[in-house]
**Q** 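Got a structure here, written out as structure tokens. Questions coming.
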Amino acid sequence: MAYINYLNYYISSNMEKSTKILKEYGFSDEEAKKFNKKTGLKNISIIKSKSEFDIYNELLSDFFILPEVETKDITNIMYINMLGFENKECLPYAIQKKYKMDKATVILLNEKCGATVQALELTDALIEKDASKKVLILSTVISEKDRFIDTTILGDAVGIMYISAKSRGMKISDTISFTDGQYSLDMYENKKFNLQVYNVILKGSSIINNILLKNNLKMYDIELIIPLNISYASMDLYSSLLKVNLNKFYMDNIPKGGHLGDVDTIRNLTDVIRNYNLQKGDKVIIYSLGYKLYDITYYAMLLEI
């Protein structure tokens with residue numbers, strides 16, 4: 001069994017109003033206010049004064065002072081950068097060398113907003129095969145240009161997670177994932193493709209239901225569903241399709257930072273652990289989705305205290 005032993009994140013104290021960002025994309029005052037009300041996205045994290053390397057040094061310095069963690073024991077570093085790896089390939093290797101993680105193999109992942117859960121699913125499989133594995137997940141979303149993305153606004157953040165077989169923290173009980181590659185198939189076959197947001201949310205709702213069914217659980221057995229910070233409007237539709245009260249979803253961070261790509265998962269889970277009085281045996285579901293153009297991979301992960 002794999003356990004999330006540690007997690008932390010950094011977002012900027014330098015927030016910009018979402019209405020200001022939307023105006024840069026041609027929104028009128030009225031349109032920006034309407035979008036703000038519909039999505040709940042109020043303040044967007046913008047990292048300007050610190051480099052990605054410096055932020056990781058801060059986060060990892062705090063992590064490695066823990067007495068039960070030694071850098072020489074880390075076996076894998078999974079590095080995620082939602083916006084791609086151009087001119088960034090060296091960063092996880094530099095981190096590996098700086099902190100003398102001499103046994104660690106670097107793995108690069110780019111499943112966009114679903115990459116953290118993808119990394120956790122892979123880590124769970126690694127530890128299931130070899131309980132001595134100790135995995136560090138590093139994830140970055142720092143955008144220098146594109147912030148408005150269809151139904152949400154992208155903010156900046158960096159997050160870390162540490163996973164091992166040590167039974168402390170949150171246990172990874174189960175994961176379901178599947179890919180819908182209809183877009184690429186249609187492109188190869190010269191067919192027209194129309195993305196329907198409703199269908200995306202419908203499929204996402206089905207994977208949440210499926211992980212409950214697979215584990216003989218009901219929705220009342222779950223303390224929280226922890227999604228990405230896309231918008232209030234999308235959560236309202238998930239709530240309707242799943243026939244569950246909206247307060248079952250963790251949405252506290254939607255107004256405070258924007259959609260942070262896959263770092264949403266690290267941030268939200270960190271804040272749930274810090275701020276919610278979860279008890280031993282309590283269960284939560286992490287839900288996310290990753291994409292390549294319009295091909296989408298859906299993830300649902302069951303965690304237990």
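FYI, side chains are in, hydrogens and waters are out, and symmetry mates aren't considered; it's all heavy atoms of this structure.
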**Q** Is a side-chain N or O of E16 found less than 3.5 angstrom from the main chain of N14, in a donor-acceptor match?
**A**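 Not confirmed, E16 side chain does not pair with N14 backbone.
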**Q** Does D264 use its side chain to pair, donor to acceptor, with the backbone of L260 at less than 3.5 Å?
**A** yes
**Q** State, yes or no, whether a side-chain contact exists between K134 and M101 at a heavy-atom distance under 4.5 Å.
**A**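 No. Closest side-chain heavy atoms not under 4.5 Å.
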**Q** Would a distance-only check, ignoring hydrogens and angles, find a side-chain to backbone donor-acceptor pair under 3.5 Å from N36 to A32?
**A**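 Absent.
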**Q** Are P227 and M235 close enough that some pair of their side-chain heavy atoms sits under 4.5 Å apart?
**A**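 With C-beta onward as the side chain, the pair touches.
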**Q** Rounded to the nearest 0.5 Å, how far apart are CE of M301 and CD1 of I207?
**A** 10.5 Å
**Q** So if you build clusters from Ile, Leu, Val, Met, Phe, Trp, Tyr with side-chain heavy-atom gaps below 4.5 Å, do L202 and V197 land together?
**A** yes
**Q** Keeping the roles fixed (side chain from K248, backbone from I222), state whether a donor-acceptor pair exists under 3.5 Å.
**A**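 Here the side-chain-to-backbone pair exists.
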**Q** For V263, does its backbone N or O pair with a side-chain atom of T116 as donor and acceptor, under 3.5 Å?
**A**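 Answer holds: no.
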**Q** Measure across G261 and L154 and return the closest heavy-atom pair with its distance rounded to 0.1 Å.
**A** N-CD1, 3.9 Å
**Q** Do the side-chain N and O atoms of N57 and Y99 include a donor-acceptor pair separated by under 3.5 angstrom?
**A**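 Yes - a donor-acceptor pair under 3.5 Å links their side chains.
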**Q** Hey, what do you get for CD (E68) to OH (Y162), rounding to the nearest 0.5 Å?
**A**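 Between atom CD of E68 and atom OH of Y162 there are 8.0 Å.
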**Q** Please check: side-chain N/O of N275 versus main-chain N/O of V272, any donor-acceptor pairing under 3.5 Å?
**A** no
**Q** Flag the pair Y238 / Y287 as yes when their ring centroid distance falls below 6.0 Å, and as no otherwise.
**A** yes
**Q** I'd like to know if D180 and K203 make a salt bridge, using a cut-off of under 4.0 Å between side-chain N and carboxylate O.
**A** yes
**Q** Apply side-chain contact (heavy atoms from CB on, under 4.5 Å) to C113 and S288, showing your working.
**A** CA-CA 7 Å; C113 306; S288 71; 5.9 Å; no
**Q** Using a 3.5 Å distance criterion without hydrogens, assess whether the side chain of S45 forms a donor-acceptor pair with backbone atoms of M15.
**A** no
**Q** Among side-chain atoms of S184 and D295, is any donor-acceptor pair under 3.5 angstrom?
**A**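 Judged by distance alone, the side chains do pair up.
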**Q** To the nearest 0.5 Å, what is the distance between CG on L136 and OG1 on T75?
**A**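 One finds 10.0 Å between CG of L136 and OG1 of T75.
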**Q** May I ask you to say whether D29 pairs ionically with K23, meaning some side-chain N is under 4.0 Å from a carboxylate O?
**A**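 Judged by the 4.0 Å cut-off on N to carboxylate O distance, D29 and K23 do form a salt bridge.
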**Q** Quick check, are the ring centers of Y79 and Y93 under 6.0 angstrom apart?
**A** no
**Q** Does the pair N76 and I107 meet the rule for a side-chain contact (heavy atoms from CB on, under 4.5 Å), with working shown?
**A** CA-CA 7 Å; N76 299 87; I107 300 171; 3.9 Å; yes
**Q** Return the CD1 to OH distance between I160 and Y9, rounded to the nearest 0.5 Å.
**A** 12.5 Å
**Q** Tell me whether S234 contacts the main-chain N or O of S231 through its side chain, where contact means a donor paired with an acceptor under 3.5 Å.
**A**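 Flag set: sc S234 to bb S231 pair under 3.5 Å.
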**Q** Enumerate the side-chain hydrogen bond (donor to acceptor under 3.5 Å, both in side chains) contacts for residues 296-305, please, sequence neighbours excluded, ordered by first and then second residue.
**A** E111-T297, T179-T297
**Q** Quick check on the hydrophobic clustering: are I11 and I254 connected, directly or via other members, by side-chain heavy-atom contacts under 4.5 Å?
**A** yes
**Q** Less than 3.5 Å apart, any donor N or O on the side chain of E121 or T175 sitting next to an acceptor on the other?
**A**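 Per modelled atom types, E121 and T175 side chains form no pair under 3.5 Å.
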**Q** Of all the heavy-atom pairs spanning M251 and P255, show the shortest one and how long it is.
**A** O-CD, 3.9 Å
**Q** Check step by step if side-chain contact (heavy atoms from CB on, under 4.5 Å) holds for F63 and V69.
**A** CA-CA 8 Å; F63 170 60; V69 178; 3.5 Å; yes
**Q** As an exercise, state the distance from CG of L224 to CG of N247, rounded to the nearest 0.5 Å.
**A**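 Between atom CG of L224 and atom CG of N247 there are 8.5 Å.
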**Q** Could you please spell out the steps behind the side-chain contact (heavy atoms from CB on, under 4.5 Å) verdict for M170 and I305?
**A** CA-CA 5 Å; M170 299 200 91; I305 292 288; 3.6 Å; yes
**Q** Just by modelled atom types, is the F35 backbone N or O under 3.5 Å from a matching donor or acceptor in the T39 side chain?
**A** yes
**Q** Same cluster or not: I172 versus V284, using hydrophobic residues (I, L, V, M, F, W, Y) connected whenever any side-chain heavy atoms lie under 4.5 Å apart?
**A**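 Yes.
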**Q** Distance-only, no hydrogens or angles: does the N215 side chain make a donor-acceptor pair with backbone N or O of L217 under 3.5 Å?
**A**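 Looks like no, no N/O pair under 3.5 Å.
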**Q** Between L41 and H259, what is the shortest heavy-atom contact and its length?
**A** CD2-N, 4.2 Å
**Q** Can you name the closest pair of heavy atoms from L212 and K218 and give their distance?
**A**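 What the structure gives for the nearest pair is CD2-O, 4.0 Å.
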**Q** Crowded around E189 CD? As in, over 12 foreign heavy atoms under 6.0 Å?
**A** yes
**Q** How close do K171 and Y3 get, heavy atom to heavy atom, and via which atoms?
**A** CB-CE2, 3.4 Å
**Q** Output yes when E58 and K50 qualify as a salt bridge under the 4.0 Å nitrogen-oxygen rule, no when they do not.
**A**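 Between K50 and E58 there is a salt bridge, with a charged N closer than 4.0 Å to a carboxylate O.
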**Q** Side-chain donor-acceptor pair under 3.5 Å between S139 and D262, yes or no?
**A**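 Judged by distance alone, the side chains do pair up.
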**Q** Answer yes when E70 and K100 have at least one side-chain N-carboxylate O distance shorter than 4.0 Å, and no when they do not.
**A** no
**Q** Please tell me whether N268 and N253 have a donor and an acceptor in their side chains that are separated by less than 3.5 angstrom.
**A** yes
**Q** Answer yes if L269 and L109 sit in the same cluster of Ile, Leu, Val, Met, Phe, Trp and Tyr residues linked by side chain heavy atoms under 4.5 Å apart, and no otherwise.
**A** yes
**Q** Regarding N5 and S164, do their side chains bring together a donor and an acceptor under 3.5 Å, going by distance alone?
**A** yes
**Q** If we ignore angles and hydrogens, is there a donor and acceptor under 3.5 Å between the side chains of Y188 and D186?
**A** no
**Q** So, applying side chain to side chain contact (heavy atoms under 4.5 Å, CB included) with L59, which one of V158, L7, L138 is it?
**A** V158
**Q** Are D54 and S51 close enough, and set up right, to give a side-chain hydrogen bond (donor to acceptor under 3.5 Å, both in side chains), and what steps lead you there?
**A** CA-CA 5 Å; D54 288 340; S51 71; 3.2 Å; yes
**Q** If you group Ile, Leu, Val, Met, Phe, Trp and Tyr by side-chain heavy-atom gaps below 4.5 Å, do I230 and L22 land in one group?
**A**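 The answer is no; the residues belong to distinct hydrophobic clusters.
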**Q** Using a strict threshold of under 4.0 Å (side-chain N to carboxylate O), is an ion pair present between D156 and R147?
**A**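 Yes, charged N to carboxylate O under 4.0 Å.
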**Q** Would you give the length of the straight line joining atom CG of L303 to atom CD1 of I286, rounded to the nearest 0.5 angstrom?
**A**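 Going from the CG atom of L303 to the CD1 atom of I286 covers 4.0 Å.
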**Q** Between F148 and F27, how do the two ring planes meet: parallel, tilted or perpendicular, split at 30° and 60°?
**A**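 Because their plane-to-plane angle is over 60°, the rings of F148 and F27 count as perpendicular.
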**Q** Might you point out which heavy atoms bring S205 and L241 nearest each other, and give the distance in Å?
**A** OG-CB, 3.7 Å
**Q** Do S143 and D146 have side-chain N/O donor and acceptor atoms under 3.5 Å apart?
**A** no
